[in-house]
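Because the structure is predicted, anything quoted here is derived from the model rather than measured.
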Amino acid sequence: MGIPTPRIVQEKQILQRSLSNGTHTSTTDLPNGYFAVYIGEQEQEKKRFVVPVSLLSQLSFQDLLHQAKEEYGYDHPMGGLTIPCSEQTFFDLATRLGAL
């Protein structure tokens, strides 16, 4: 019998999962209650992250979504929700909102 992993560690691992080799997974590969976003300020540095749906109700995250709308409209170049901010800004926000 193994030692159970605390929930926060599991969520952090899910949030930090990124695909740096450029491959994409389908939405069926995402855990229930999570969605994928692409984070980065420059096109060549965008990374894919899987985040909990609960972030959508947070005003700070909604501010990032507003920035994404201003930058890309509804035509996201990565084929998914792209948020134009640095990874550090995103991690700081996710940590503050309890996603990490």
Side-chain angles (χ1 to χ4, degrees):
M1 184 170 182
I3 299 173
T5 306
R7 181 177 177 196
I8 193 162
V9 172
Q10 292 172 346
E11 288 182 358
K12 185 175 181 179
Q13 289 170 344
I14 289 171
L15 180 64
Q16 291 179 338
R17 179 176 26 163
S18 67
L19 299 175
S20 59
N21 63 3
T23 61
H24 299 281
T25 58
S26 70
T27 56
T28 58
D29 294 337
L30 296 172
N32 285 339
Y34 290 83
F35 66 101
V37 295
Y38 294 90
I39 304 295
E41 295 174 304
Q42 302 296 323
E43 196 64 39
Q44 63 273 15
E45 69 178 38
K46 299 227 187 290
K47 291 186 181 176
R48 182 177 185 262
F49 295 91
V50 178
V51 297
V53 173
S54 62
L55 286 183
L56 293 172
S57 65
Q58 303 296 322
L59 291 177
S60 299
F61 191 76
Q62 289 175 14
D63 288 341
L64 286 179
L65 294 177
H66 181 71
Q67 288 176 11
K69 179 182 166 243
E70 294 296 317
E71 178 91 12
Y72 303 111
Y74 294 106
D75 183 29
H76 293 266
M78 300 295 292
L81 180 58
T82 305
I83 299 177
C85 72
S86 70
E87 282 185 59
Q88 188 60 49
T89 300
F90 179 72
F91 281 125
D92 291 346
L93 175 66
T95 301
R96 262 194 340 263
L97 296 177
L100 287 180

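Distance OG1/T89 to CD/Q67: 9.0 Å, rounded to 0.5 Å. We find the NZ-CD distance between K69 and Q62 to be 13.0 Å, quoted to the nearest 0.5 Å. Expressed to the nearest 0.5 Å, how far SG of C85 lies from CG of D92 amounts to 10.0 Å. Taken to the nearest 0.5 Å, the CZ atom of F49 stands 6.5 Å off from the CD1 atom of I39.
Under the salt bridge (Lys or Arg N to Asp or Glu O under 4.0 Å) criterion, E87 pairs with K47, not counting sequence neighbours. Scored by the side chain to side chain contact (heavy atoms under 4.5 Å, CB included) test, E70 finds H66 as partners (sequence neighbours excluded). In this structure, the side chain to side chain contact (heavy atoms under 4.5 Å, CB included) partners of S54, at least two apart in sequence or on a different chain, are P52.
The minimum heavy-atom distance linking K46 with G40 is given by the pair NZ-O, 2.6 Å. Taking every heavy atom of both residues into account, E41 and S86 meet most closely at CG-N, 3.7 Å. Listed here is the closest heavy atom pair of L64 and F90: CD1-CD1, 4.4 Å. Residue A68 comes nearest to P84 through the heavy atom pair CA-CD, 3.7 Å, listed as atom of the first residue, atom of the second, then distance.
With a 4.5 Å cut-off on side-chain heavy atoms, L81 and L65 count as touching. Side-chain contact check for V50 versus F35: every heavy-atom pair is 4.5 Å or farther apart.
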